[in-house]
Amino acid sequence: MTDMRSPFAPAALFIVLSGALHLVALPFGAWATFGWVFIAIAIFYAALSLGLVQNWRWLAWIAFACMLIGGNGAFLETFRQEPSWPYWAILVCDALAALFLFRALWSRRVRVQ
């Protein structure tokens with residue numbers, strides 16, 4: 001069962017948004033460069049976010065690394081592609097997801113009794 005009160009839920013929201021933006025970027029020139037890779041990334045991000053709302057901490061570590069790598073890739077593509085706004089939007093979503101994951105992973109754990 002999904003619990004949107006999970007500490008990873010805000011990050012999951014931005015990961016889903018980033019996955020949707022990968023699909024939005026396809027008609028704006030990304031299809032010629034990346035094609036099916038962006039579709040696979042969108043599906044992978046959807047699976048990541050589903051696991052995060054399940055409160056799977058081990059998956060949050062993987063998602064954190066993916067957001068750092070994805071943000072770097074989006075940053076590099078902002079200077080190569082026209083128009084660049086889809087890549088800037090992906091970069092912002094990846095950075096916010098990484099920020100929320102960082103906060104959730106390195107904050108004190110609250111023990112439920």
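Being a predicted model, the structure only gives us computed values, none of them experimental.
Side-chain contact between Val53 and Phe8 is absent, with no heavy atoms from C-beta onward closer than 4.5 Å. Under the 4.5 Å side-chain criterion, counting only non-hydrogen atoms from C-beta, Asp94 is not in contact with Leu68. Here the side chains of Glu77 and Phe34 are in contact, with some heavy-atom distance below 4.5 Å. In this structure, Leu26 and Ile39 have side chains that are in contact, with non-hydrogen atoms separated by less than 4.5 Å. Contact of the Cys93 side chain with the Leu17 side chain is registered, since non-hydrogen atoms from C-beta on lie closer than 4.5 Å.
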Subject >> Leu59/Gln54 under side chain to side chain contact (heavy atoms under 4.5 Å, CB included): CA gap, chis, key distance, verdict >> reply: CA-CA 10 Å; Leu59 191 63; Gln54 298 290 334; over 6 Å; no
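Minimum heavy-atom separation, Gly70 to Tyr45: CA-OH, 4.1 Å.
The ring pair (Phe, Tyr, Trp, His ring centres under 6.0 Å) search around Phe100 returns Phe14, not counting sequence neighbours. When the ring pair (Phe, Tyr, Trp, His ring centres under 6.0 Å) test is applied to Trp106, the partners found at least two apart in sequence or on another chain are Trp61, Phe64, Phe102. Considering only residues two or more places apart in sequence or on other chains, Ser49 meets the side chain to side chain donor-acceptor pair (under 3.5 Å) condition with none of them. Applying the ring pair (Phe, Tyr, Trp, His ring centres under 6.0 Å) criterion to Phe28, with sequence neighbours excluded, gives Trp85. Partners of Tyr87 according to the ring pair (Phe, Tyr, Trp, His ring centres under 6.0 Å) rule, which considers only residues two or more places apart in sequence or in another chain, do not exist here.
Taking hydrophobic clusters as Ile, Leu, Val, Met, Phe, Trp and Tyr residues chained together by side-chain heavy-atom distances below 4.5 Å, Leu52 shares a cluster with Ile62. Ile41 and Ile90 are not part of a single hydrophobic cluster, where members link through side-chain heavy atoms under 4.5 Å apart.
Within the model, atoms CG of Asn72 and CD1 of Ile69 stand 8.0 Å from one another, a figure rounded to the nearest 0.5 Å. To the nearest 0.5 angstrom, Met67 atom CE is 6.0 Å from Leu48 atom CG. Atoms CG and CG, from Leu101 and Leu96 in turn, are 11.0 Å apart once rounded to the nearest 0.5 Å.
Residues Phe79, Trp88, Leu91 make up the rest of the hydrophobic cluster containing Phe75, defined by ILVMFWY side-chain heavy atoms closer than 4.5 Å, directly or through other members.
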